[in-house]
Participant: 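Here it is: the structure, laid out below.
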Amino acid sequence: MSEHQDPRPRDDTGAAQDLARDLADVAHQISALKGEANAYLSDPDYDTLRLRLDNAHAAVEAAAAEARRRVRLNEGRDR
């Protein structure tokens with residue numbers, strides 16, 4: 001079995017920036033879903049769905065904040 005080298009050096013900062021952007025997009029989509037759920041699903045039977053959307057949105061926002069924090073830390077290390 002031969003080992004393959006990456007075609008280019010791994011850039012963790014770039015990967016973290018891409019991830020932060022992707023997470024921001026996901027957070028926006030979840031936020032839109034929350035808006036629709038609040039507008040159309042006023043029945044208390046849908047409280048669980050709204051709670052799950054809130055939890056998912058909070059988790060994605062936290063992950064995006066962590067990715068941005070790591071990007072800032074890596075930028076400080078490069079200087």
Side-chain angles (χ1 to χ4, degrees):
M1 182 185 288
S2 66
E3 292 185 33
H4 298 283
Q5 289 184 335
D6 289 334
R8 57 190 162 104
R10 184 174 169 179
D11 182 8
D12 291 336
T13 301
Q17 288 172 337
D18 291 344
L19 181 60
R21 277 191 292 272
D22 292 345
L23 287 169
D25 290 341
V26 170
H28 176 74
Q29 291 172 359
I30 292 174
S31 180
L33 289 172
K34 282 175 49 180
E36 288 181 29
N38 289 331
Y40 296 110
L41 304 176
S42 58
D43 188 328
D45 290 338
Y46 294 106
D47 285 347
T48 302
L49 173 61
R50 286 193 299 275
L51 179 62
R52 286 181 181 176
L53 285 170
D54 283 340
N55 290 342
H57 189 237
V60 169
E61 287 287 343
E66 176 64 14
R68 288 189 299 267
R69 184 186 73 80
R70 288 182 185 225
V71 168
R72 285 192 307 272
L73 285 174
N74 286 338
E75 287 174 349
R77 229 183 268 162
D78 293 341
R79 291 180 186 168

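All values below were derived from every heavy atom in this structure, side-chain atoms included, with hydrogens, water molecules and symmetry-related copies excluded. Because the structure is a prediction, the values reported are computed rather than measured.
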Participant: List the atom of L53, the atom of I30, and the distance in Å for their closest heavy-atom pair.
Facilitator: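 Looking at all heavy atoms of both residues, the closest pair is O-CG2, 3.7 Å.
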Participant: Rounded to the nearest 0.5 Å, what separation is found between the CG atom of L23 and the NE2 atom of H28?
Facilitator: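 Going from the CG atom of L23 to the NE2 atom of H28 covers 14.5 Å.
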Participant: More than 12 foreign heavy atoms under 6.0 Å from CZ of R52: is that the case here?
Facilitator: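 No, not enclosed.
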Participant: Could you grab the distance from atom CG of L73 to atom CZ of R68, nearest 0.5 Å is fine?
Facilitator: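 Here the interatomic distance stands at 13.5 Å.
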Participant: Take atom CZ in R50; do more than 12 heavy atoms of anything else shown fall under 6.0 Å from it?
Facilitator: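 Enclosed.
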Participant: List the atom of A27, the atom of E61, and the distance in Å for their closest heavy-atom pair.
Facilitator: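 Looks like CB-OE2, 3.3 Å.
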Participant: Drop me the distance from D43's CG to L49's CG, to the nearest 0.5 angstrom.
Facilitator: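 That separation rounds to 11.5 Å.
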Participant: Atom CD of Q17 and atom CG of D22: how far apart are they, to the nearest 0.5 Å?
Facilitator: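 Going from the CD atom of Q17 to the CG atom of D22 covers 12.0 Å.
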Participant: Looking at CZ of R21 and CG of D25, how far apart are the two atoms once the value is rounded to the nearest 0.5 Å?
Facilitator: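 Reported value, rounded in 0.5 Å steps: 9.5 Å.
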Participant: CG/D47 to CG/D54 distance, rounded to the nearest 0.5 angstrom?
Facilitator: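 D47 CG to D54 CG: 10.5 Å, rounded to 0.5 Å.
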